[in-house]
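Keep in mind that this is a model prediction, so the values were computed, not measured. By convention in this document, chain letters (A, B, ...) are assigned in the order of the sequence lines, proteins followed by strands, and residues within each chain are numbered from 1.
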Protein chains: 2
Amino acid sequence: MTVRRRDPPRIEVGLNAVIVAVTDHRPRVLTLPGPDPADPGGGTADLLPYGPLDPGGDRTLDLTLRGWVRAQTRLDLGYVEQLYTFGDRGRLEGGAPDGEVRTLSVAYLALARESGSGSAARARWKEIYAYLPWEDGREGRPDFFDRVLVPRLERWIDAAPNRREREERRDRAAVGFGLYGSDWDGDRVLERYELLYGAGLVQEADRDRRRAGVSCEADPAPLPGRPMGADHRRMLATALGRIRGKIRYRPVVFELLPPRFTLLQLQRVVEALSGVELHKQNFRRLVERGGLVEGTGEVESRTGGRPAELFRFRREVLRERRAPGVGLPGIGSG
Amino acid sequence: MTVRRRDPPRIEVGLNAVIVAVTDHRPRVLTLPGPDPADPGGGTADLLPYGPLDPGGDRTLDLTLRGWVRAQTRLDLGYVEQLYTFGDRGRLEGGAPDGEVRTLSVAYLALARESGSGSAARARWKEIYAYLPWEDGREGRPDFFDRVLVPRLERWIDAAPNRREREERRDRAAVGFGLYGSDWDGDRVLERYELLYGAGLVQEADRDRRRAGVSCEADPAPLPGRPMGADHRRMLATALGRIRGKIRYRPVVFELLPPRFTLLQLQRVVEALSGVELHKQNFRRLVERGGLVEGTGEVESRTGGRPAELFRFRREVLRERRAPGVGLPGIGSG
DNA sequence: TCAAAAGTGTTATCCTTACACCCATGT
DNA sequence: ACATGGGTGTAAGGATAACACTTTTGA
């Protein structure tokens, strides 16, 4: 292979959507199967919906996004918020790491009520925790956490080239994963994913290093957690972290629920997203006393137990309270 | 002028930096004077440092940013965080609104200790509240707030085409500016700026409408608050809002202080950024009991009063607490 | 009759907020 | 002496977290 002078790479700008819904107490994300743009072997992978930015198109980026999401998936998005712009060379684009294209992805978070009518042709709702299984702590940490993940992290810590670096790795692992006396912080989803990526414990890291020509032993038994194409799992982690943070001070959960719901439904959705179980009685008091919801007279009787009153979101709370959210355990003190 | 078919506009990607420092209890931002890219008349305006994205350059966007900030201003940035990607057509690029270029600006927030050595040639530190004067409530709302701003907002509310729209405007104004019984929420900086833009009360709105060919009566007496070029004042608002939010759960203030500082210095910096005055005794207890700082034995005697102990940031707090920040009044309840 | 879920009530604890007050230094 | 800022103590109120317990339905 000969070395030759190249034109400077051209920039390609795309929009990605992390579309989230919650069904049956399971948070889900809309994916499309497709060729992994970051895999030179051309393997197939789960991808987030993606669309190029038409520079002559809509006035704002989120109008563009809504447009092609509707076209691709027949879904009318409600809540939409910009997440982050990803532009790391070598994690997004295909071909050689110094190829002729540099990709920039402006990622958006969208919340949807999963409906039968939506999701056209190739789109599929997949469980978010299939991609990020260490994030679901509703029944305690999953068992691979202590059995596999922590030992691997410790191997990575010990493999640091010097003491300073080793201590830094230890600190990051402690804060990120709640080890060695630190508390678990549900919001640090992205930090955890990036730590695992940096430690070479997710398949995307192997893929990118192989493509960059770095030799590395194949991972004998990869960590649980399904990979995604390009940098999309990182986007998913960003989205989940953002939701978890936001749920506490903005009433975003209601975007994921039908207009009327029981308090247990509401609680289950919050639990599903935040990845922890909540205390029932206190949760109820919090949302009712916080003025977030109000009872309609109606009751839902197919609850499996005593019929439950149906509630609705109290829109007025936006005017009354500064940061209306649901409040998870351990926010005040830290 | 004849109508002709055009090539689709090309996309231009740039990076912007909102570099913030606090000196003498005044938050400042680094600006450069230059031609306003959004003003066809070619007027001069204050601009944020800007650099094109070299697609073949550094591996990550923030490395690129650090690079050209160092080159342009001789400043070595410490804390850097991506803010938002701005891409609204007609607020960033020059020429006609349907011109041949679509600009995308990835804006970053950077915190710096303002040093004499930094800021080369044309760069100037300017007071943030010169651009966003309604955000400084340390001595109560400034007097133009009730005298000018609120009446203008009310005129805009009343000018709504129908009742629904009028109520929506009223609600937005209430929540954003703390009117009609709502509380002031310091974090909503961007909401406020966008509201004023939408209501035509900032000069940038006039500029963009004129360029788009919308006739509008010239504003008789513009609102206090210096305009900026392109969409840069919006970026500044985004940055200030982000800082105000972040200060509460991440120890970012310390990036703006010297390594050792008195508690009053710390308090003044927090007050400067959040735009409110804080209760001295409680502030001290909060940061000390929160484990955010630790005393060094040393004292500073040039305080104007009794000498004060010098404190330093306690890095260990990152491991101990989940959301270590300074805590402003009225967070718990809302 | 029992399981499952809906609801109610109470209490201890911690955090925030708001006071009042004393200390050390320079002018 | 007094102004300025540093620093301590305490008490009221509110919110959270952890209990235990009753009620109403469907199977």
Tell me the interatomic distance from [X], atom [atom1], to [N], atom [atom2], rounded to whole angstroms.
{"X": "B:Phe311", "N": "D:dG6", "atom1": "CZ", "atom2": "P", "answer": "10 Å"}
{"X": "B:Leu310", "N": "D:dG5", "atom1": "CG", "atom2": "P", "answer": "17 Å"}
{"X": "A:Leu278", "N": "C:dA6", "atom1": "CG", "atom2": "P", "answer": "14 Å"}
{"X": "B:Glu309", "N": "D:dG7", "atom1": "CD", "atom2": "P", "answer": "6 Å"}
{"X": "B:Arg289", "N": "D:dT8", "atom1": "CZ", "atom2": "P", "answer": "12 Å"}
{"X": "A:Glu288", "N": "C:dA6", "atom1": "CD", "atom2": "P", "answer": "12 Å"}
{"X": "B:His25", "N": "D:dG5", "atom1": "NE2", "atom2": "C1'", "answer": "12 Å"}
{"X": "B:Leu286", "N": "D:dG7", "atom1": "CG", "atom2": "C1'", "answer": "16 Å"}

For residues [X] and [Y], determine if any side-chain heavy atom of one lies less than 4.5 Å from a side-chain heavy atom of the other.
{"X": "B:Val269", "Y": "B:Leu266", "value": "no"}
{"X": "A:Arg28", "Y": "A:Lys126", "value": "no"}
{"X": "A:Phe311", "Y": "A:Thr296", "value": "no"}

SB check [X] [Y] (cutoff 4.0 Å):
{"X": "B:Glu271", "Y": "B:Arg268", "answer": "yes"}
{"X": "A:Arg113", "Y": "A:Glu255", "answer": "no"}
{"X": "A:Arg321", "Y": "B:Asp183", "answer": "no"}
{"X": "B:Glu127", "Y": "B:Arg26", "answer": "yes"}

Step through it carefully: locate the ring centre of B:Phe261, locate the ring centre of B:Phe254, and say whether they are under 6.0 Å apart.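 Aromatic pair counts; centres sit under 6.0 Å.
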Distance-only donor-acceptor test, A:Lys280 side-chain atoms vs C:dA6 base atoms, 3.5 Å: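 Under the 3.5 Å cut-off, the side chain and the base do form a donor-acceptor pair.
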Summary of protein contacts for nucleotides 18-27 of chain C, nucleotide by nucleotide, where a base hit scores B, a sugar-phosphate-only hit scores S (4.0 Å, heavy atoms): BBBB-BBS--
Have B:Tyr193 and B:Glu191 got a donor and an acceptor in their side chains that come within less than 3.5 Å?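 Their side chains do not contain a donor-acceptor pair, so the 3.5 Å distance test is not met.
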Find the bend of the helix from C:dT1-D:dA27 to C:dT27-D:dA1 as the angle between its two terminal axes (five pairs each), to the nearest 10°.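 For the helix from C:dT1-D:dA27 to C:dT27-D:dA1, the axes at opposite ends meet at about 0°.
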